[in-house]
A.B. asks: 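For reference, the structure I am asking about is given below.
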Amino acid sequence: MRHPKIFSLIAGLFLSSGFAYADTLQDVDLYEAGGNYYCYPWLNQIPPSETPAPEGYEPFHLEHYSRHGSRWHIGNGNYDIPYEILTKAKAQGKLTPLGEKVLSATIEVRDEFKKGRDGELSDKGAWQHQGIGKRMAKRYPQIFNPEANIDARSTIVIRSILSMFNGLNGIKSVVPEIAIKTDASEADMWYMNYSDTLGWKIKSEADRKYLWDFEKRHENKGEYLSKIFNDPVYARDSVGAKLFNPLFSLLVNTQSHSDQPWLMNEVFSEEEARERWLCRNANWFFQGGNSALTDHHMPFSQANLLVNIIESADSAVVSPKQSANLRYGHDTIIMPLTCLLELDGFGEEINDLEELGERGWHDYMVVPMGANIQIVFYRPKADAKSSPDEVLVKVLLNEKECTLPLDRENGPYYKWTDFRKYYLDKINKEKERV
């Protein structure tokens with residue numbers, strides 16, 4: 001896959017406010033229009049380089065949360081609906097040559113899915129996490145060493161568990177003798193995959209009040225149908241709107257596999273893809289974004305996770321040993337956590353869904369397959385008993401250094417005590433409010 005423009009290095013990256021990357025709607029390409037199906041950008045490319053640590057400092061601890069890697073679709077609909085519609089059209093001689101090609105690809109992909117691949121990790125998903133793990137170990141050899149305390153946990157979903165073990169295999173490829181504790185238990189789901197009842201209620205109400213009308217304004221007009229069906233009356237009366245979403249989802253997710261055909265550019269125009277992406281992006285905004293439309297609550301759906309991260313780091317900061325806490329889960333957690341942390345401006349308040357595309361609030365920047373947040377801790381070299389006041393942190397979103405809503409100590413490095421106070425105060429204020 002080509003190097004994504006959205007992650008290219010930009011002079012003056014570390015802004016005091018606003019989105020660090022301000023893609024407009026016209027910048028969204030056919031791959032990125034997949035949103036949370038977008039293949040992790042560093043599968044075949046080198047991530048951005050990191051800013052050297054301040055003089056005299058070295059990394060000693062890492063807190064991490066990652067989404068599983070690329071996967072098969074969950075549920076039959078995205079495979080069965082296109083198959084049934086296209087098969088019926090073929091029997092009546094209604095497919096164009098491209099329609100025949102799309103049906104052939106649909107059959108091929110669906111047949112493999114039907115073997116029992118529902119929601120499972122793909123080959124690319126495994127490769128993504130192997131690469132992420134290998135790069136973590138190479139970037140931070142002071143942390144990933146045979147004497148370090150490394151703890152890895154996953155949600156109880158198999159694609160997350162396999163992502164964890166592929167990530168750990170990547171680490172072990174660099175440090176074969178490293179010992180890593182692993183677990184995947186319901187006991188950790190209260191922070192690893194918390195389902196916020198209040199949040200879901202707020203989102204459901206916002207969907208009804210705002211999102212459904214927004215989707216109607218951007219619904220597909222059916223231009224693609226003439227490329228697949230040779231009879232416009234048949235396409236209008238027998239197919240209509242019911243094919244668009246499942247076929248789009250099926251085709252855009254072929255980027256999650258190494259052996260599936262890419263037909264998006266033949267079937268859908270970039271304008272169609274962007275309009276559809278706008279709707280899904282707005283849905284993701286209601287999942288985790290900061291807005292009066294969702295009572296400013298959605299980022300706080302993952303307060304449990306952030307508190308767990310902070311408390312885990314508290315233990316690491318007072319320990320002389322190097323350590324890492326690795327967590328493997330889901331996009332529905334990464335998105336609100338990113339907004340709660342306000343990484344690269346993703347915590348900015350937006351109250352008009354029509355502004356999202358132009359203002360740079362783009363879901364694929366946050367939750368591609370394999371998405372991850374790494375919080376790296378630094379202290380003075382050869383000083384394992386340093387004060388928490390001396391500890392610095394930096395945050396990487398998908399292996400790119402991020403801005404935080406704090407005063408910077410040095411480049412992308414912030415004081416741990418400032419980090420800790422800001423976010424705990426923020427969470428406590430929300431608890432008092434609701």
Side-chain angles (χ1 to χ4, degrees), residues 4 6-7 19-21 32 34-43 47 62-71 74 119 121 125 128-129 132-133 136 152-157 159-164 166-167 188-196 199-200 203 256 280-281 283-290 294 297-310 312 325-347 361-376 395-404 423:
I6 59 168
F7 289 101
F19 296 102
Y21 297 99
E32 295 158 349
N36 63 315
Y37 294 118
Y38 180 45
C39 184
Y40 192 68
W42 312 125
L43 179 60
L62 187 146
E63 292 285 338
H64 159 278
Y65 190 97
S66 180
R67 181 193 186 190
H68 57 75
S70 288
R71 60 163 170 80
I74 300 170
L121 195 70
Q128 289 158 5
H129 277 287
I132 294 166
M136 281 198 299
R153 304 188 183 208
S154 169
T155 66
I156 55 177
V157 179
R159 59 183 173 273
S160 297
I161 295 171
L162 289 175
S163 293
M164 174 177 70
N166 275 282
D188 294 321
M189 294 306 99
W190 63 273
Y191 68 91
M192 288 280 288
N193 195 23
Y194 179 68
S195 181
D196 178 28
W200 280 114
K203 183 182 184 302
S256 290
R280 297 303 302 155
N281 186 58
N283 181 69
W284 274 107
F285 180 69
F286 277 178
Q287 178 79 36
N290 176 23
T294 48
H297 175 74
M298 298 312 295
F300 294 95
S301 66
Q302 296 313 313
N304 287 354
L305 175 57
L306 183 51
V307 170
N308 176 263
I309 288 171
I310 290 172
S312 298
N325 294 312
L326 311 177
R327 306 167 183 84
Y328 294 83
H330 307 276
D331 50 3
T332 52
I333 310 302
I334 285 270
M335 178 59 83
L337 179 61
T338 296
C339 297
L340 180 57
L341 289 166
E342 303 173 55
L343 303 183
D344 279 350
F346 273 90
W361 204 101
H362 291 192
D363 55 5
Y364 56 83
M365 293 180 175
V366 180
V367 287
M369 297 291 188
N372 59 95
I373 294 173
Q374 300 176 34
I375 306 174
V376 191
V395 183
L396 293 89
L397 173 62
N398 299 325
E399 301 181 78
K400 177 187 69 64
E401 293 173 340
C402 290
T403 62
L404 301 178
Y423 292 113

A.B. asks: How far does CG of L162 sit from CG of N166, to the nearest 0.5 angstrom?
C.D. replies: 6.5 Å

A.B. asks: So which atom in G370 and which in S66 form the shortest heavy-atom distance, rounded to 0.1 Å?
C.D. replies: O-OG, 3.8 Å

A.B. asks: Is the closest side-chain heavy-atom distance between Y37 and R71 below 4.5 Å?
C.D. replies: yes

A.B. asks: About how many Å separate CE of M192 and CG of N308, when rounded to the nearest 0.5 Å?
C.D. replies: 9.0 Å

A.B. asks: Rounded to the nearest 0.5 Å, what separates atom CE in M164 from atom OG1 in T155?
C.D. replies: 9.0 Å

A.B. asks: Check whether W42 reaches the backbone of N398 with its side chain - one donor and one acceptor, N or O, closer than 3.5 Å.
C.D. replies: yes

A.B. asks: Check whether any side-chain heavy atom of L404 lies under 4.5 Å from a side-chain heavy atom of Y423, and answer yes or no.
C.D. replies: yes

A.B. asks: Please tell me if the side chains of H362 and E32 come closer than 4.5 Å, counting only heavy atoms from C-beta onward.
C.D. replies: no

A.B. asks: So, taking the atom named OH in Y40 and the one named CD1 in I132, what distance separates them when rounded to the nearest 0.5 Å?
C.D. replies: 4.0 Å

A.B. asks: Is there a side-chain contact between Y194 and L305 (heavy atoms, below 4.5 Å)?
C.D. replies: no

A.B. asks: Look up atom NE2 in H64 and atom CG in L326, then write down how far apart they are to the nearest 0.5 Å.
C.D. replies: 5.5 Å

A.B. asks: Quick one: sort the F285 and W361 rings into parallel, tilted or perpendicular, breaks at 30° and 60°.
C.D. replies: perpendicular

A.B. asks: Report yes if some heavy atom in the side chain of H297 is under 4.5 Å from a heavy atom in the side chain of D196; otherwise report no.
C.D. replies: yes

A.B. asks: What pair of heavy atoms forms the shortest contact from V367 to D331, and how long is it?
C.D. replies: CG1-O, 3.7 Å

A.B. asks: Using side-chain contact (heavy atoms from CB on, under 4.5 Å), reason through H330 and S160 one step at a time and then give a plain yes or no.
C.D. replies: CA-CA 8 Å; H330 307 276; S160 297; 3.2 Å; yes

A.B. asks: With a 4.5 Å heavy-atom cut-off, do M136 and N372 have their side chains touching?
C.D. replies: no

A.B. asks: If you define the side chain from C-beta out and look only at heavy atoms, does anything of W200 sit under 4.5 Å from M298?
C.D. replies: no

A.B. asks: Closest heavy-atom contact between S163 and L121?
C.D. replies: OG-CD1, 3.3 Å

A.B. asks: Distance check, rounded to the nearest 0.5 Å: Q128 atom CD versus R67 atom CZ?
C.D. replies: 9.0 Å

A.B. asks: I'd like to know if the side chain of Y38 pairs up with that of D363 as donor and acceptor (distance under 3.5 Å, no hydrogens or angles considered).
C.D. replies: no

A.B. asks: Could you tell me if the side chain of Y65 sits less than 4.5 Å from the side chain of Q302, heavy atoms only?
C.D. replies: no

A.B. asks: Determine the minimum heavy-atom distance between G119 and I74, stating which atoms define it.
C.D. replies: CA-CG1, 3.8 Å

A.B. asks: Taking only distance into account, with no hydrogens and no angle test, what donor-acceptor pairs under 3.5 Å do side-chain atoms of residues 335-342 form with protein atoms, sequence neighbours excluded?
C.D. replies:
unit_1 : atom_1 : unit_2 : atom_2 : d
T338   : OG1    : I334   : O      : 2.9
E342   : OE2    : Y422   : OH     : 2.7
E342   : OE2    : K426   : NZ     : 2.6

A.B. asks: Is R327 salt-bridged to D188, cutoff N-O under 4.0 Å?
C.D. replies: no

A.B. asks: Test side-chain contact (heavy atoms from CB on, under 4.5 Å) on Q287 and N36; report intermediate values, then the result.
C.D. replies: CA-CA 12 Å; Q287 178 79 36; N36 63 315; over 6 Å; no

